[in-house]
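All ligand and atom numbering here is 1-based and tracks the order in the structure. Keep in mind that this is a model prediction, so the values were computed, not measured.
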Amino acid sequence: MPSVIGQVTVGVEVMVDGLTKSFGRQVIWEDVSLTLPAGEISVLLGPSGTGKSVFLKTMVGLLRPDRGHIWIDGFDLANCAEAKLYELRRLFGVLFQDGALFGSLNLYDNIAFPLREHTRKSEAQVRQIVMEKVELVGLLGAETKLPGEISGGMRKRAGLARALVLDPEIILFDEPDSGLDPVRTAILNQLIVDINAEIEATFLIVTHDINTARTVPDNIGLMFRRELVMFGSREMLLSSDEPVVRQFLNARKHGPIGMSEEKDLSELEAEAQMGHDPGPLPPIPPQLMPSGNKIRRTQRPPGTWLAANGVIPPQGSFVDERGRNWLDEYPRLINAHLHGIA
Ligand SMILES: Nc1ncnc2c1ncn2[C@@H]1O[C@H](COP(=O)(O)OP(=O)(O)OP(=O)(O)O)[C@@H](O)[C@H]1O
């Protein structure tokens, strides 16, 4: 259901309920339930091969689950007829790992492709929309370039522009940061947050980048051993005691996750006896804010989940690289907005 914040409708909620997917006798994941809140940014983490890409494909209806439901706007995408599925798919924009651009088309034609394919817009209307999205992702001037002539970061941004042209309500990102250096990853993350602030769609990002997971989303989910171990507020995951969560977020060798994805009990006991532990989690970083002192309307003030659950975060949480503590800074920014001085 669309959520209403103040007077304005924001994005669309996606409720996944008891979803199970297998290929033949191989169960990929079982009984996955989570809600992507309308207009919020969620991240899905998990060791390689746990089925995150399969999950994205199932969400958008490219794969059918064995069981379960995906509720969007009161319709079950997992079990609806083809015609309805086609309609629901129009709500989605997908950024594939490599941008999935056509190598023989320039960026303009790549970005215009869904509009020419799925709408009856005139070329003048197509131009207006394409150029608007090109500007939004910072590619003005590069429209005539071929995908092979630009950097990986630019290709991702072009893929993002193409994912945006049909004004999606839900955007799925499959490892947007794969193959990018840390600087380009930081630029792309800022762009993702800025676009969320602007279009207020519901975002789900699959990533392996811990820094992205720690700073970008409102919610984090972790898949492990054929199930969704945890899904909830960023603060919940970043202050969790769960060994799998700590191992993954601390990028440690020791813990329940091994090369073959899982370790058996004797290996874990041996590690425990040797004093190996995934370690405590570091301070919770402040969440990445939109550029230009904007506020995302679905963003929760820092400390909300922690306070509601009586959890004290590690010392130094919410302090940015300039030494500002966002527990104080955020209300100040909200106040400035209320008084029109931000
Ligand atoms: N169409 C398919 N038919 C059969 N098996 C498949 C199919 N697609 C994926 N799989 C299997 O599903 C499992 C999960 O794959 P998936 O690509 O979703 O993992 P992932 O978590 O996204 O991995 P990574 O993080 O490395 O990208 C793998 O074992 C893969 O071989």
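- The number of heavy atoms from other shown groups lying within 6.0 Å of CD (E135) does not exceed 12.
- Of the protein's non-hydrogen atoms, G51 CA, 3.8 Å is the one closest to atom 16 (P) of ligand 1.
- At a 4.0 Å heavy-atom cut-off, ligand 1 does not touch M223 at all.
- Nearest to atom 23 (O) of ligand 1 among the protein's heavy atoms is G49 N, 2.9 Å.
- Atom CD1 of I312 sits in a sparse spot, with 12 or fewer heavy atoms from other residues, nucleotides or ligands closer than 6.0 Å.
- Per-residue contacts place Q26 under 4.0 angstrom from the following atoms of ligand 1 (heavy atoms of the residue considered): 29 (O).
- Counting atoms of ligand 1 from 1 in the listed order, those under 4.0 Å from a heavy atom of K52 are 18 (O), 19 (O), 20 (P), 21 (O), 22 (O), 23 (O), 24 (P), 25 (O).
- Each of the following atoms of ligand 1 lies closer than 4.0 Å to a heavy atom of T50: 19 (O), 21 (O).
- The ring pair (Phe, Tyr, Trp, His ring centres under 6.0 Å) pairs that include a residue from residues 132-170 number zero, where partners must be two or more places apart or lie in different chains.
- Summary of contacts: the protein heavy atom closest to atom 13 (C) of ligand 1 is I28 CD1, 3.7 Å.
- The ring pair (Phe, Tyr, Trp, His ring centres under 6.0 Å) contacts involving residues 137-195 comprise F173-F203, where partners must be two or more places apart or lie in separate chains.
- For R226 and D31, the salt-bridge test fails: no basic side-chain N is under 4.0 Å from an acidic carboxylate O.
- Dense packing is recorded around CD of E132, with more than 12 heavy atoms of other residues, nucleotides or ligands lying under 6.0 Å away.
- Ranking the protein heavy atoms by distance from atom 10 (N) of ligand 1 puts F23 CE1, 3.5 Å first.
- With hydrogens and angles left out, the side-chain atoms of N219 and S42 include a donor and acceptor closer than 3.5 Å.
- The closest protein non-hydrogen atom to atom 17 (O) of ligand 1 is S53 CB, 3.7 Å.
- Donor-acceptor pairing under 3.5 Å is lacking for the side chains of R155 and N110.
- Ranking the protein heavy atoms by distance from atom 9 (C) of ligand 1 puts V54 CG2, 3.5 Å first.
- Counting only heavy atoms, the protein never gets under 4.0 Å from atom 30 (C) of ligand 1.
- Contact between E175 and ligand 1 is present, with at least one heavy atom of the residue lying under 4.0 Å from the ligand.
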